[in-house]
Amino acid sequence: MATTPGGLAPRDAGQPRTELSAVDHLMLRGEANPRFRSGFISVEILDTKPDWDRFRARAEDVSRRVLRLRQKVVVPLLPTAAPRWVTDPDFNIDFHVRRVRAPEPGTLREVFDMAEVMLQSPLDLARPLWTATLVEGLTDGKAAALLHLSHAVSDGVGSVNMFMPVYDQERNPPAEATPPQPIPQDLSANELMREGVGRLPGALVCGVRAVLSTVGRAARDPAATVADALGYARSGARILKPAAEPSPLLRSRGVSTRTEAVDLDLGVLDDAAKACRASINDVYLAGLCAVLGRYHSALGVPIGTLPMVVPVNLRTEADPAGGNNFATVSLAAPVGTADPLRRVEKIRTQMTRRREERAKGLIGAVAPALSVLPTAVLLQLMLRSAAATDVLATNIPLYPQDTYLCGAKVLRQYGLGPLNGTAVEFALVSRGGTCTVTARYARGAVQRERLFAQCLLQGFDEVLALAGDPAPHAVPASFRVPDRLLMARDRGRRIPAGRS
C-alpha cells in the first residue's frame, strides 16, 4: 500500500463519491442559521513554529492528494439531482491557508477565542469548505495549527483518515514528489439541474423496480413483513422519545459561545475503565455527568438526569473517508448519581441497549425527506429537536504514535465541534498517549464560566480516581505538557486508535 508523506497509510484519500448524501446536504444547509453551522475546528499545539513556506507547501501537497479539499459543492437550482462535489476551477491555496499572530499574551485562551470567531463565521459555500491557519506569537516559542472544516466534508472519524497525509512520523523526513494538479471541473447549478432532468426516466424505472421488489417480498410472507415494519417503528419511537427532561439551567442558547478544556493521561483513563470493567467511552461520559452534576448542585439546582446525545460511528473499512456515517444514541445522563461506579454502570447499560436499537440509523433514513424541505421549515424542525437535547458528546481516537507537522511536534489536539443547537458540546480527543476533553458551550446556557471550568476539572478527577490513585490527574489545558503526562508518554503507554 502506498504511504503518504507522513508514512501513514490513508484508507481512501481519493474520495470517489461525488454526490452528497442527504445527511451531508443537511449539514451544509445548517450554515443558514448561526446556531446550526456545522463547521468544526481542530486546534493542534505545536512545540515550535513551523516554517511558513513549508506549511503552505504541505497544504498544497495534501490538497492534491485528498481531492475533497479541492472540491466545492454545486447545488442544482431545482432538486432534480443530488448536490455534487466538483473540483473547483478557481481553487486558490492562499485563500484556504492563512497565517496570523495571536493577541498578547499569546496563551491557549487567545487561541481558543480565535477559533470561536472562526466557528461563529460561515464558511464560503462557493469554495472548498475548509481553511488551515497557522497561529504564531504564542508563549514559549510554540505555535498552533487550526483546521476549520465543514461537517458536510466528513465527520470526526472520517476526517482522521482523510488528513493522514498531513502528518509525518519524524521531524524532518525525506521530501517526496508533489502530486500532479487535479483536473478542474466546470459545472453550474443550472447544468446540474438539467442533467438531473435527463436522468429522471431512469431513476423512475429504478424506483418502480424497488417498489415492486418490496411488494413481492411482502406478498411472499406478509406476516413477517408486518412484524418487521412494526418492530422498526417501535424502535424508531423509542429513539425519538426524549430520554430525559431538559435542564432548567441550560434552556437559554444564543449564538455567543466559549471553549474550556482539560488535559488527561490516556493511560490513567484506560486504567479507570479497566477498574470498573467498562470502556473508555463509558468513563468519559461518566466524567461529563460528574461535571454537569457538580455545576447544577453548585448553583442550587440539583437534577437527576438530563438529555445527552452521543454519536456512534458506523464506518467500515470499505467506506471512503469523506462524508458522514454515524448514528446517534440518546441517553438520560445520570448527572445526579453520586457514586461514580454506579454512574458508569448506568451509562454502560443505556449505551448497550441503545446501540442495539434497530432504528439507530434513523437519521440516515429520514434525511432524504428532510433535505427537500424549505430551509425555513427545516430550521424550525431543527430548533425544536435541539431544544429537547442539552448535551452532545463525541469521542475521537486519533493517532497513537507521535506525529509531526512541517518539522514541529504535535503536543496535543483539542476538538471544537458544532453545538447543533444544544447547550454544551464535549469532545474527547486522544493522541500520542495523552488526551483532551474540550467543552464548547452557549454562553446563554452556561453563564457561570469560572465555576464551569472548575467543575470540568473536578468532575474528571473524580472518575480518574477509579484507577486507584486519588491524586488529581486532570489539569487545565495549557501549552505546557505536565510532567506526569510526559512520564506516561515516556513509559510507552499507548492506547490503539479505536479503543473506546
Side-chain angles (χ1 to χ4, degrees), residues 238-253 260 262 264 269 272-273 276 278-312 326-357 360 385-396 415 417-428 437-442 445-446 448 451-452 455-464 466 474 500:
R238 288 191 295 269
I239 288 174
L240 293 175
K241 182 181 178 181
E245 287 294 320
S247 161
L249 275 184
L250 306 178
R251 285 179 179 168
S252 298
R253 297 291 196 269
E260 297 285 352
V262 294
L264 313 174
L269 186 59
C276 51
S279 71
I280 284 178
N281 194 62
D282 293 335
V283 175
Y284 159 59
L285 296 178
L288 302 187
C289 290
V291 173
L292 295 164
R294 287 172 178 269
Y295 182 75
H296 281 77
S297 295
L299 293 178
V301 190
I303 57 175
T305 60
L306 58 72
M308 177 185 292
V309 169
V310 182
V312 176
F326 63 90
T328 54
V329 170
S330 297
L331 303 179
V335 298
T337 302
D339 181 5
L341 277 172
R342 178 61 178 155
R343 197 184 316 129
V344 171
E345 180 183 340
K346 287 183 177 181
I347 289 170
R348 184 172 66 246
T349 299
Q350 289 190 68
M351 285 295 295
T352 300
R353 185 174 66 248
R354 292 289 187 171
R355 284 177 186 269
E356 294 173 350
E357 287 284 4
K360 65 182 179 182
S385 174
T389 302
D390 287 333
V391 178
L392 176 65
T394 64
N395 177 1
I396 306 172
L419 290 175
N420 293 326
T422 61
V424 190
E425 188 269 346
F426 291 97
L428 172 68
V437 176
T438 307
R440 184 171 182 244
Y441 56 81
V446 178
R448 298 288 296 277
L451 173 63
F452 184 82
C455 292
L456 187 62
L457 278 173
Q458 294 173 344
F460 275 93
D461 272 338
E462 178 183 303
V463 294
L464 292 176
L466 294 171
S500 62

So which atom in [X] and which in [Y] form the shortest heavy-atom distance, rounded to 0.1 Å?
{"X": "Gly415", "Y": "Thr438", "value": "O-CB, 3.4 Å"}
{"X": "Ala393", "Y": "Leu288", "value": "CB-CD1, 3.5 Å"}
{"X": "Ala243", "Y": "Ala332", "value": "O-CB, 3.3 Å"}
{"X": "Gln350", "Y": "Pro334", "value": "NE2-CD, 4.4 Å"}
{"X": "Met308", "Y": "Leu285", "value": "SD-CD2, 4.0 Å"}
{"X": "Ala445", "Y": "Ser252", "value": "CB-O, 3.1 Å"}

Checking the side chain of [X] only, and the main-chain atoms of [Y] only, is there a donor and an acceptor separated by less than 3.5 Å?
{"X": "Arg253", "Y": "Gly421", "answer": "yes"}
{"X": "Tyr284", "Y": "Thr394", "answer": "yes"}
{"X": "Arg440", "Y": "Glu425", "answer": "no"}
{"X": "Arg354", "Y": "Ser330", "answer": "yes"}
{"X": "Ser247", "Y": "Leu249", "answer": "yes"}

Quick one: pull up [atom1] in [X] and [atom2] in [Y] and give me the separation to the nearest 0.5 Å.
{"X": "Cys455", "Y": "Glu462", "atom1": "SG", "atom2": "CD", "answer": "11.0 Å"}
{"X": "Ile396", "Y": "Leu428", "atom1": "CD1", "atom2": "CG", "answer": "9.0 Å"}
{"X": "Leu264", "Y": "Leu269", "atom1": "CG", "atom2": "CG", "answer": "6.5 Å"}
{"X": "Ile347", "Y": "Arg342", "atom1": "CD1", "atom2": "CZ", "answer": "11.5 Å"}
{"X": "Cys289", "Y": "Leu331", "atom1": "SG", "atom2": "CG", "answer": "8.0 Å"}
{"X": "Leu250", "Y": "Thr389", "atom1": "CG", "atom2": "OG1", "answer": "12.0 Å"}

Are Val463 and Phe460 side-chain neighbours, meaning at least one heavy-atom pair lies under 4.5 Å?
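Yes, their side chains come closer than 4.5 Å.
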Is there side-chain contact between Val335 and Thr305, with heavy atoms separated by less than 4.5 Å?
no
Start with the C-alpha distance between Val329 and Val309, add both sets of side-chain angles, then the distance that settles side chain to side chain contact (heavy atoms under 4.5 Å, CB included), and finish with yes or no.
CA-CA 6 Å; Val329 170; Val309 169; over 6 Å; no
Test side-chain contact (heavy atoms from CB on, under 4.5 Å) applied to Leu451 and Leu456, Val446, Leu299, the passing residue:
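Among Leu456, Val446, Leu299, the one meeting side-chain contact (heavy atoms from CB on, under 4.5 Å) with Leu451 is Leu299.
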Any salt bridge linking Glu345 with Arg348? Criterion: basic side-chain nitrogen under 4.0 Å from a carboxylate oxygen.
no
Test log, rule side chain to side chain contact (heavy atoms under 4.5 Å, CB included), inputs Phe326 and Val312:
CA-CA 5 Å; Phe326 63 90; Val312 176; over 6 Å; no
State which residues pass side chain to side chain contact (heavy atoms under 4.5 Å, CB included) with Leu341; sequence neighbours excluded, sorted by chain then number.
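Cys276, Asp339, Leu466.
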Does Val424 form a side chain to side chain contact (heavy atoms under 4.5 Å, CB included) with Leu419? I'd like the steps, not just the answer.
CA-CA 7 Å; Val424 190; Leu419 290 175; 5.6 Å; no
Would you check, one step at a time, whether the test side chain to side chain contact (heavy atoms under 4.5 Å, CB included) holds for Val310 with Thr328?
CA-CA 6 Å; Val310 182; Thr328 54; over 6 Å; no
Taking ring pair (Phe, Tyr, Trp, His ring centres under 6.0 Å) as the test, write out the residues that go with Tyr295, two or more places apart.
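Ring pair (Phe, Tyr, Trp, His ring centres under 6.0 Å) check on Tyr295 returns Phe452.
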